[in-house]
Colleague: 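Dropping the structure in here first, questions after.
What you see is a predicted model; the values in this text were computed from it and never measured.
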Amino acid sequence: QSFAKAGLYDEVERPKNRKVVGCKWVFKIKRGPDGEIEKYKARLVAKGFTQVEDVDYDETFAPVTKFSTIRTLLALAAANDLEIHQMDVKSAFLNGDLDEEIYMACPPGFEDHPEIVWRLRKALYGLKQASRQWYKKIRSEFEALGFRRSDADHGVFYKEVDGSQVIIALYVDDMLLFSKSTTAIEKTKDLLKEKFDMHDLGEAHWILNMEINRNRANRTLELSQSQYVKSILERFGMTDCRPVSTPMAANQKLDKLDEPEIDAKEYQSALGSIMYAMLGTRPDLAFTVGALSKHAANPGKEHWNALMRVYRYLRKTVDTHLVYCGDTGGDLLHGYVDADWASDHTDRRSVTGHVFLIAGGAVSWSSKRQELVTLSTTE
């Protein structure tokens with residue numbers, strides 16, 4: 001029904017001398033902040049890996065709002081007591097118009113005639129250019145409504161509505177709307193509903209596996225990934241492990257290997273799961289993730305033990321979260337930066353770390369090995 005409504009395809013005879021893109025059904029259970037089941041989703045996904053470059057697609061990049069931008073906007077909302085609402089677009093990618101001529105096999109369960117295929121008119125999940133076409137579509141609609149795009153982050157759009165600034169942070173099909181005025185937000189929602197088929201989720205409580213808890217009376221906002229952390233502890237069998245109070249042993253040196261001693265994919269999966277928590281709300285994991293990532297191609301038993309220590313640390317700090325307070329000097333920005341000295345015993349590079357805070361909570365952080373071997377602390 002979504003496809004028919006969007007005018008996704010035309011049924012045509014299978015073309016000669018053209019590769020036909022495959023497709024498959026993907027089934028997913030969508031859960032809310034308390035782990036309860038919100039809905040069962042069945043999504044038809046194109047097998048984009050079968051597309052031919054320069055024939056089926058050209059450019060593929062599409063921007064999304066950075067995590068640091070979302071945290072900054074949430075910190076400013078706590079500091080200035082802004083309203084925070086959320087919407088998402090139903091079947092967002094089906095709104096994107098395709099420039100290329102793409103043929104796709106009929107979905108499993110609908111193959112009545114083997115020589116009939118779909119010629120796609122709109123973007124579909126899984127296509128290489130789907131996210132780019134969707135972004136181009138929604139950007140043009142925002143600009144038609146008078147919104148301007150932020151130069152600092154191309155996923156952020158802003159406009160003045162009835163004397164109040166409205167800011168929209170767009171992450172693929174999820175939107176956070178910020179404003180002093182509830183009326184301005186409601187007007188903006190009505191305009192967007194005229195353009196797209198949307199879910200109005202009301203006040204924001206859950207975005208990108210991050211839970212938003214507000215205390216308007218105390219002007220505080222808490223950002224947590226405790227549900228996500230519990231889910232990865234369960235996935236890797238560490239729910240009942242013995243907790244530790246630090247993510248890494250002090251002065252631990254991990255040797256680089258020429259070939260893996262353990263299953264590299266399992267190591268990468270376990271590390272990537274921690275990395276998502278670090279990117280969202282856990283700056284305390286940044287250094288450890290950086291140190292362990294260097295061994296992702298050729299992990300050994302020592303690296304695996306160090307990685308499992310991080311899970312033991314997460315077991316102890318499962319409820320650790322960011323807090324933004326409106327009474328800590330408002331939206332003042334504070335930053336801290338430092339570097340160690342030639343800490344990598346393999347190649348003698350140094351590590352730089354920084355953290356920036358707004359409203360008393362971290363909004364941006366990094367722990368990164370320097371690109372050059374420096375010969376002095378000044379350098």
Side-chain angles (χ1 to χ4, degrees), residues 33-35 67 71 208-211 213 222-257 260-323 336-346 349-357 360-369:
D34 300 322
F67 272 100
R71 289 189 295 263
L208 304 175
N209 275 324
M210 297 187 290
E211 192 176 352
N213 288 313
E222 298 176 352
L223 195 60
S224 163
Q225 280 178 297
S226 55
Q227 276 297 329
Y228 174 73
V229 170
K230 286 174 187 172
S231 73
I232 63 173
L233 285 169
E234 189 177 333
R235 192 189 317 159
F236 294 100
M238 299 296 278
T239 307
D240 300 315
C241 64
R242 184 166 59 86
V244 292
S245 55
T246 56
M248 204 170 185
N251 302 316
Q252 185 172 11
K253 304 295 182 190
L254 296 169
D255 293 319
K256 208 159 191 177
L257 302 179
E261 295 175 350
I262 60 170
D263 183 356
K265 281 190 176 175
E266 191 175 355
Y267 180 90
Q268 290 160 7
S269 176
L271 179 59
S273 299
I274 292 173
M275 189 182 290
Y276 187 77
M278 181 274 290
L279 290 170
T281 60
R282 301 296 297 264
D284 52 331
L285 301 175
F287 176 80
T288 309
V289 167
L292 295 172
S293 295
K294 291 187 291 185
H295 308 285
N298 297 310
K301 291 172 186 171
E302 188 186 10
H303 306 128
W304 179 258
N305 292 337
L307 179 54
M308 289 300 104
R309 182 192 171 96
V310 187
Y311 278 88
R312 290 166 60 201
Y313 171 71
L314 284 173
R315 169 86 169 78
K316 185 178 179 68
T317 60
V318 68
D319 292 319
T320 298
H321 54 272
L322 298 172
V323 182
Y336 302 90
V337 62
D338 199 3
D340 63 15
W341 171 242
S343 61
D344 193 313
H345 66 291
T346 309
R349 293 191 195 177
S350 308
V351 175
T352 299
H354 78 243
V355 61
F356 286 90
L357 300 94
V363 295
S364 174
W365 55 81
S366 171
S367 174
K368 189 176 179 183
R369 194 170 60 144

Colleague: Search all heavy atoms of P247 against all heavy atoms of L285 and return the closest pair with its distance.
Modeller: CB-CD2, 4.3 Å

Colleague: CZ/R349 to CZ/R369 distance, rounded to the nearest 0.5 angstrom?
Modeller: 4.5 Å

Colleague: For H321 and N213: C-alpha separation, side-chain torsions, deciding distance, then whether side chain to side chain contact (heavy atoms under 4.5 Å, CB included) applies.
Modeller: CA-CA 11 Å; H321 54 272; N213 288 313; over 6 Å; no

Colleague: Which label fits Y267 and W304: parallel for a plane angle under 30°, tilted from 30 to 60°, or perpendicular past 60°?
Modeller: tilted

Colleague: May I ask you to test the K301-I262 pair for a side-chain heavy-atom distance under 4.5 Å?
Modeller: yes

Colleague: Applying side chain to side chain contact (heavy atoms under 4.5 Å, CB included), run through V229 and T317 and close with a yes or a no.
Modeller: CA-CA 9 Å; V229 170; T317 60; over 6 Å; no

Colleague: Grab the two heavy atoms, one from A362 and one from P283, that are nearest each other, plus how far apart they are.
Modeller: CB-CG, 4.3 Å

Colleague: If you take all heavy atoms of K230 and V318, which pair is closest and at what distance?
Modeller: CG-CG2, 3.7 Å

Colleague: Would you please name every residue forming a salt bridge (charged side-chain N to carboxylate O under 4.0 Å, His left out) with R71, sequence neighbours left out?
Modeller: none

Colleague: So do F236 and C241 actually touch side chain to side chain, heavy atoms under 4.5 Å?
Modeller: no

Colleague: By the definition side chain to side chain donor-acceptor pair (under 3.5 Å), identify the one residue from D284, T320, T246 that meets it with Y313.
Modeller: D284

Colleague: Looking at side-chain heavy atoms only, is the closest gap between Y276 and I232 below 4.5 Å?
Modeller: no

Colleague: What's the shortest heavy-atom distance between K316 and V244, and which atoms?
Modeller: CD-O, 3.2 Å

Colleague: Where do S364 and H354 come nearest, in terms of heavy atoms and distance?
Modeller: OG-NE2, 3.6 Å

Colleague: I want to check something: taking the side chain as every heavy atom from C-beta on, are L314 and M238 in contact at a cut-off of under 4.5 Å?
Modeller: no

Colleague: With rounding to the nearest 0.5 angstrom, report the NZ to CG distance, K253 to D344.
Modeller: 8.0 Å

Colleague: Are D263 and K265 close enough, and set up right, to give a salt bridge (Lys or Arg N to Asp or Glu O under 4.0 Å), and what steps lead you there?
Modeller: CA-CA 6 Å; D263 183 356; K265 281 190 176 175; over 6 Å; no

Colleague: Is a donor from one side chain sitting under 3.5 angstrom from an acceptor on the other, for R309 and T288?
Modeller: no

Colleague: Do W365 and M278 touch side chain to side chain, with heavy atoms closer than 4.5 Å?
Modeller: yes

Colleague: With heavy-atom distances below 4.5 Å as the criterion, would you say the side chains of L271 and S293 are in contact?
Modeller: yes

Colleague: Would you say the side chain of V323 lies within less than 4.5 Å of the side chain of E222, judging by non-hydrogen atoms?
Modeller: yes

Colleague: Given side chain to side chain contact (heavy atoms under 4.5 Å, CB included), test L292 with L254 step by step and report yes or no.
Modeller: CA-CA 8 Å; L292 295 172; L254 296 169; 3.7 Å; yes

Colleague: State the CD-OG distance between E211 and S224, to the nearest 0.5 angstrom.
Modeller: 5.5 Å

Colleague: Are T281 and Y228 close enough that some pair of their side-chain heavy atoms sits under 4.5 Å apart?
Modeller: no

Colleague: So, H345 and D255: side-chain donor and acceptor under 3.5 Å apart, yes or no?
Modeller: yes

